[in-house]
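Below: one structure, written as structure tokens.
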Amino acid sequence: MSATQGPLDTLRREIDEIDAAIHDLLMRRCEVVEQIAQVKGRNRINIRPARETEILRRLAERHQGRFPLPVLARIWREMLSGFTQLQGPFAVAVLAPDGQRGLLWDLARDHYGSNTPMTAVGAPMLALRAVIDGTATVAV
């Protein structure tokens with residue numbers, strides 16, 4: 001065993017403990033989100049852009065240290081997306097003329113999360129139609 005192995009193992013165990021604590025908090029947040037879904041009922045729109053912005057701004061204001069703020073925001077966007085989907089169906093219709101998934105597709109994926117169901121549509125009216133008929137919650 002090298003001289004640095006002892007301290008390195010100790011630090012790795014500390015990382016493992018931190019990871020477990022983060023995971024415990026995520027599971028706790030999930031339980032609260034599920035309670036919110038019950039209070040709101042199933043026929044409510046589950047996306048709240050102003051609330052999401054408030055959360056992200058609060059995180060940015062309290063952020064310190066060397067961890068990149070854009071990475072923190074990306075992690076939270078993914079979390080918010082996952083928690084939104086727990087509250088009920090959520091899907092996005094994205095304008096992609098000629099089937100080309102370009103800038104709008106990438107922006108929608110970045111904003112609404114990597115696991116959010118997305119459908120490419122060929123015209124703006126088709127995106128709006130998807131929201132009207134309930135196959136999408138949001139049109140981009």
Side-chain angles (χ1 to χ4, degrees):
M1 174 175 331
S2 71
T4 60
Q5 194 62 31
L8 188 56
D9 284 344
T10 300
L11 291 170
R12 286 180 175 154
R13 277 193 298 277
E14 186 174 352
I15 290 289
D16 292 345
E17 290 171 10
I18 292 168
D19 288 348
I22 291 169
H23 188 230
D24 289 344
L25 289 171
L26 282 172
M27 291 184 293
R28 183 172 152 208
R29 192 181 197 286
C30 182
E31 291 169 0
V32 173
V33 167
E34 289 172 333
Q35 292 173 12
I36 289 170
Q38 289 176 351
V39 169
K40 286 166 66 172
R42 283 294 192 192
N43 296 325
R44 302 281 307 239
I45 295 174
N46 298 315
I47 184 170
R48 297 284 181 248
R51 172 75 176 135
E52 292 177 8
T53 300
E54 175 186 318
I55 291 168
L56 292 170
R57 282 186 179 150
R58 187 173 52 248
L59 287 169
E61 288 171 4
R62 72 185 304 272
H63 187 68
Q64 52 186 299
R66 293 185 42 184
F67 190 79
L69 181 57
V71 175
L72 178 71
R74 180 80 214 118
I75 291 167
W76 243 264
R77 287 283 345 133
E78 286 291 335
M79 283 178 25
L80 292 170
S81 168
F83 289 126
T84 296
Q85 291 177 49
L86 286 176
Q87 294 182 55
F90 184 79
V92 181
V94 183
L95 178 61
D98 302 321
Q100 299 298 315
R101 295 179 178 179
L103 179 61
L104 286 179
W105 184 271
D106 292 343
L107 289 171
R109 179 62 70 211
D110 284 348
H111 187 77
Y112 293 110
S114 60
N115 198 44
T116 297
M118 291 184 11
T119 303
V121 295
M125 284 306 296
L126 294 174
L128 294 174
R129 174 64 51 201
V131 173
I132 291 167
D133 70 20
T135 59
T137 313
V138 174
V140 175

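Computed over heavy atoms, backbone and side chain alike; hydrogens, waters and symmetry mates excluded. The chain is numbered in sequence order, starting from 1.
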Can you establish whether the number of heavy atoms outside Asp133 located under 6.0 Å from its atom CG is more than 12? yes

Between Glu14 and Thr10, a side-chain donor and acceptor under 3.5 Å: no

Atom CG of Asn115 with >12 non-hydrogen neighbours under 6.0 angstrom: no

Measure from the side-chain N and O atoms of Glu34 to the backbone N and O of Leu86, and report whether any donor-acceptor pair falls under 3.5 Å. no

Does a sphere of radius 6.0 Å around CZ in Arg109 hold more than 12 heavy atoms from other residues, nucleotides or ligands, not counting ones at 6.0 Å or beyond? yes

State whether Arg13 and Glu17 are salt-bridged, where the test is any N-O pair (Lys NZ or Arg NE/NH1/NH2 against Asp/Glu carboxylate O) under 4.0 Å. no

Check step by step if salt bridge (Lys or Arg N to Asp or Glu O under 4.0 Å) holds for Arg48 and Glu52. CA-CA 6 Å; Arg48 297 284 181 248; Glu52 292 177 8; over 6 Å; no

So does Ala91 get a backbone contact from the side chain of Thr116, meaning a donor-acceptor N/O pair under 3.5 Å? no

List the atom of Arg101, the atom of Ala120, and the distance in Å for their closest heavy-atom pair. NE-CB, 4.1 Å

If you look at every heavy atom in Thr137 and Pro89, which pair is closest and at what distance? OG1-O, 3.8 Å

Is the backbone N or O of Ala130 less than 3.5 Å from a side-chain atom of Thr135, with the two atoms forming a donor-acceptor pair by type? yes

May I ask you to decide whether Arg57 forms a salt bridge with Glu61, counting only side-chain N to carboxylate O separations under 4.0 Å? no

Here the ring pair (Phe, Tyr, Trp, His ring centres under 6.0 Å) pairs for residues 108-138, sequence neighbours left out, are Phe90-Tyr112

Judged by atom type as modelled, is there a donor-acceptor pair below 3.5 Å linking the side chain of Thr53 to the main-chain atoms of Pro49? yes

Atom CH2 of Trp105: over 12 foreign heavy atoms under 6.0 Å: yes

N/O donor-acceptor pair under 3.5 Å between Arg77 side chain and Leu56 backbone: no

ring-ring contact (aromatic ring centres under 6.0 Å, His included) involving Phe83 - partner list, sequence neighbours excluded: none

So Ile18 and Ile22, do their side chains get closer than 4.5 Å, heavy atoms only? yes

Contact summary for Val131 and Val138, nearest pair of heavy atoms: CG2-C, 3.6 Å

Any idea which heavy atoms bring Ala136 and Val92 closest together, and the distance? CB-C, 4.1 Å

